Amino acid sequence: MTEPQFAPAGEDSRPLWLVAQGDAGPVWPEGIDPEFPLAAGFAGKPGQLCLLPGAGGVVGALFGIGRPATPADRPARERFTMARAAEALPEGAWRLEGAPEGYDLTHAALGWLFAQYRFNRYKAAEPPRARLVCPAGVGAAQVLAMAAGEYLARDLINTPASDLGPGELEAAARDLAARHGAEVNVITGTALAEGFPMIHAVGRAAAPGREPRLIELRFPGDGPAVALVGKGVCFDTGGLDIKPSSSMLLMKKDMGGAANVLGLAETLARLGRAGGLRVLVPAVENAVAGDSFRPGDVLTSRKGLTVEVNNTDAEGRLILADALAYAAEDGPALMISMATLTGAARVALGPDLPPFFCDDDAAAEALYRAGCDHADPVWRLPFWEPYEAMIEPAIADLDNAPSGGFAGAITAALFLRRFAQGASRYVHFDIYGWQPAAAPGRPKGGVGQGMRAILHALPELV
C-alpha cells in the first residue's frame with residue numbers, strides 16, 4: 001500500500017494563496033497585486049488556479065475557493081476542491097496561505113492527499129508532483145490516518161478477482177493485523193459448514209485455493225466493544241441465477257464492504273482508537289459449479305433461522321447473516337455492517353450517496369452530521385417495519401430475495417437486522433464502493449464510503 005505523505009515542514013516551499021469570492025469580486029490576500037491574475041482571467045472561482053511568475057520561474061500560485069462555505073451551505077456541490085490544485089501545480093512543496101476565517105484546512109489537506117493516490121499495480125503511473133506542507137493547526141496524524149485507510153480500501157477494491165480472491169483478502173487482513181498487533185482467526189472451507197453454514201453454502205462452488213472463509217480480527221486494548229462486519233464477495237457471478245456479462249464487469253468491487261471496514265480499522269488503529277475493535281469479513285467467491293447452492297434451497301443459518309433462497313444473486317446478505325449472528329453473540333455496544341448489497345440503493349440515491357439504516361435517532365443524526373462535516377455524505381433510510389412480511393416466505397423463516405422488486409434496500413436491511421439482535425446498537429451501510437467518473441481527489445475506481453462519517457461519529461455511537 002502506498003503511504004500518503006506531507007512534504008517535510010522544513011523543506012523549501014512556495015505559497016499557494018487561497019482566494020475567496022466576495023460580492024465585489026475576488027478577496028485578494030494582503031500583499032497580492034491583482035493586476036496579473038485579473039488579466040489572466042482569475043476570479044477566485046472554486047478550483048481556479050493562477051500561477052504567479054517571477055525570477056527563475058513560478059514563485060507561487062493563487063487558488064480559488066469560491067464563497068467560503070458555512071454549515072448551512074453544506075453539502076457543497078463539489079467535494080475536495082483543493083485536490084484540483086494538487087493535480088495541477090508544478091512539482092515541489094507548497095504551503096497554503098491566506099485561508100479566510102472558517103475555511104476548513106483539514107478538509108483541504110485531506111483532499112490533497114486523496115489526489116495523490118495512485119493504483120499502479122498493473123500500469124506505471126506518474127507519481128504526484130506537488131506536495132503539501134501540512135497546514136498549521138491541522139492534525140497531521142489524523143489526516144494521514146484517514147488517507148491511509150482510504151488508500152487501503154481503494155487498493156483492495158481496484159484489484160481484480162484474479163489477484164484478490166478470498167485467500168488474498170485474508171492476506172490483506174493479516175497484514176493489517178501484523179501492523180497493529182491484532183489477533184487473527186480464520187475458519188476456512190468445509191470447517192465452515194457446521195458453524196457458518198450460509199457462508200459455506202455461498203462459497204463452496206469456488207475453485208480449489210479460493211475456498212470461502214470467515215476472517216476475524218480482534219484488536220487489543222481497552223475501548224468500547226465495536227464490531228465491524230464487511231461483505232467480502234471477491235467476485236460475484238450471480239451463482240446459478242447468473243448475471244449478464246454487463247452486470248459482471250464491476251463485480252471485483254463486490255468486496256467493497258470488506259475493503260471499507262478494513263480501511264476504517266486501519267485508520268482507527270493508526271489513531272490509537274482500535275482498542276476493543278472486532279472486525280469480521282466473510283470472504284467468498286459466488287461461483288458456478290456442480291455444487292453451487294440453488295434457487296429454492298432452504299439454508300439453516302448460524303442463528304438457527306431458516307432461509308429460502310429465491311435468488312442466488314442475493315448472496316451477500318446470506319454470508320453477512322452468519323457473520324452478524326456470530327458478532328452479536330458477544331453483545332457488542334455497537335455493530336456496523338458495510339456491504340455493496342443492493343441495486344435498489346443505487347436507484348434511490350445514486351453512486352455517491354450511500355444509505356444507512358439505524359433505529360436510533362440520535363445515532364443517525366450523529367452519522368449524518370459527521371458525514372456532512374467531513375465530506376463523506378450518507379443518508380438515512382428506515383428499517384420500515386410494515387415491510388417485514390415481505391421477507392417471510394411460506395416454507396422458511398426468511399426469504400433472501402422477496403419477489404416484486406419494491407423497497408429492495410429496505411428489505412435487505414430488515415433481513416440483516418434479524419441476525420444483529422444482541423448488539424446494543426446496529427447500523428447497516430449499503431455502499432457502492434466505486435467512483436464511476438473521476439472527480440477531485442477521487443479517480444475513477446474503488447472508493448471509500450462512510451468511513452469518515454463513522455470515524456467522527458463514533459464517540460456518540462458508543
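Residue numbers count from 1 along this sequence. Just so it is clear, the model here is predicted, and its values are computed rather than measured.
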Look at [X] together with [Y] and state whether they make a salt bridge at an N to O cut-off of under 4.0 Å.
X	Y	value
Lys231	Glu315	yes
Arg317	Asp430	no
Glu388	Arg418	yes
Asp359	Arg425	no
Glu266	Arg179	yes
Glu285	Lys252	no
Glu365	Arg380	no
Asp330	Arg218	yes

If I take atom [atom1] from residue [X] and atom [atom2] from residue [Y], how far apart are they, to the nearest 0.5 angstrom?
X	Y	atom1	atom2	result
Glu87	Gln116	CD	CD	10.0 Å
Thr267	Met451	OG1	CE	6.0 Å
Leu62	Leu49	CG	CG	8.0 Å
Glu460	Leu334	CD	CG	12.5 Å
Leu455	Asp376	CG	CG	9.5 Å
Ile157	Trp434	CD1	CH2	8.0 Å

> Ring centroid separation for Tyr387 and Phe383, is it under 6.0 angstrom?
Replying inline: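 Ring centroids of Tyr387 and Phe383 are no less than 6.0 Å from each other.
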
> Can we call the ring centroids of Phe356 and His428 under 6.0 Å apart?
Replying inline: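 Between Phe356 and His428, the centre distance exceeds or equals 6.0 Å.
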
Would you check if [X] and [Y] make a side-chain contact, meaning some heavy-atom pair closer than 4.5 Å?
X	Y	value
Leu176	Leu152	yes
Val184	Val186	yes
Pro53	Phe36	yes
Met338	Leu228	no
Pro37	Gln48	no
Val261	Ile336	no
Phe219	Leu268	no
Phe429	Pro355	no

Whether the [X] and [Y] side chains hold a donor-acceptor pair (N or O, under 3.5 Å, no angle test) is what I'd like checked.
X	Y	result
Thr340	Asp254	yes
Tyr122	Asp163	yes
Glu216	Tyr326	yes
Arg442	Gln435	yes
Asp373	Tyr368	no

At their closest point, which heavy atom of [X] faces which heavy atom of [Y], and how far apart are they?
X	Y	answer
Leu318	Ala314	CG-O, 3.8 Å
Cys50	Phe42	CB-CD1, 3.7 Å
Val281	Ala258	CG1-CB, 3.6 Å
Gly111	Ala83	O-CB, 3.4 Å
Gly316	Leu341	C-CD1, 4.0 Å
Ala130	Pro90	CB-O, 3.7 Å

Tell me whether [X] contacts the main-chain N or O of [Y] through its side chain, where contact means a donor paired with an acceptor under 3.5 Å.
X	Y	value
Ser337	Val229	no
Arg95	Val133	no
Asn120	Lys123	no
Asn158	Phe119	no
Thr411	Ala407	yes

> For Leu169 and Cys234, what are the C-alpha separation, side-chain angles and deciding distance, and is it a side chain to side chain contact (heavy atoms under 4.5 Å, CB included)?
Replying inline: CA-CA 8 Å; Leu169 190 54; Cys234 296; 4.0 Å; yes

>> Let's go through Trp112 and Trp94 carefully: what are the C-alpha distance in whole Å and the side-chain angles of both, what is the deciding distance for side chain to side chain contact (heavy atoms under 4.5 Å, CB included) to 0.1 Å, and is it a yes or a no?
In response: CA-CA 11 Å; Trp112 192 298; Trp94 293 83; 4.0 Å; yes

>> So, using ring pair (Phe, Tyr, Trp, His ring centres under 6.0 Å) as the criterion, who are the partners of His180 when residues are at least two apart?
In response: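 Scan of His180 (ring pair (Phe, Tyr, Trp, His ring centres under 6.0 Å), adjacent residues dropped) gives none.
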
> Which residues satisfy the ring pair (Phe, Tyr, Trp, His ring centres under 6.0 Å) test with Phe6, sequence neighbours excluded?
Replying inline: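 Result, ring pair (Phe, Tyr, Trp, His ring centres under 6.0 Å) vs Phe6: none returned.
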
> Has Glu30 got more than 12 heavy atoms of other residues, nucleotides or ligands less than 6.0 Å from its CD?
Replying inline: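 Atom CD in Glu30 is not packed in, count stays at 12 or less.
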
>> For Glu91, is the CD atom crowded, meaning more than 12 foreign heavy atoms sit under 6.0 Å from it?
In response: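 For Glu91, atom CD is not crowded (no more than 12 foreign heavy atoms under 6.0 Å).
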
Is [X] positioned over the aromatic face of [Y], cation under 6.0 angstrom from the ring centre and no more than 45 degrees off axis?
X	Y	answer
Arg154	Phe114	yes
Arg346	Tyr432	no
Arg210	Phe235	no

>> Show me the pairs that pass salt bridge (Lys or Arg N to Asp or Glu O under 4.0 Å) and involve residues 7-20, at least two apart or across chains.
In response: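 Qualifying pairs: Glu11-Arg131.
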
>> Please evaluate residues Arg417 and Glu385 with respect to the criterion salt bridge (charged side-chain N to carboxylate O under 4.0 Å, His left out), reporting the C-alpha separation (whole Å), side-chain torsions for both, the decisive distance (0.1 Å), and the verdict.
In response: CA-CA 11 Å; Arg417 188 176 66 166; Glu385 298 282 350; 2.9 Å; yes

>> Quick one, Arg452 with Glu150, criterion side chain to side chain contact (heavy atoms under 4.5 Å, CB included). Give me CA distance, side-chain angles, the key distance, then yes/no.
In response: CA-CA 9 Å; Arg452 294 186 307 284; Glu150 177 74 17; 4.1 Å; yes

> Given the rule in the salt bridge (charged side-chain N to carboxylate O under 4.0 Å, His left out) test, do Arg270 and Glu3 qualify, once you have shown the distances and angles that lead to the verdict?
Replying inline: CA-CA 12 Å; Arg270 289 184 181 225; Glu3 280 289 324; 2.7 Å; yes

> Checking side chain to side chain contact (heavy atoms under 4.5 Å, CB included) for the pair Leu96/Met82: CA distance, chi angles, key distance, verdict?
Replying inline: CA-CA 10 Å; Leu96 302 184; Met82 181 57 68; 4.1 Å; yes

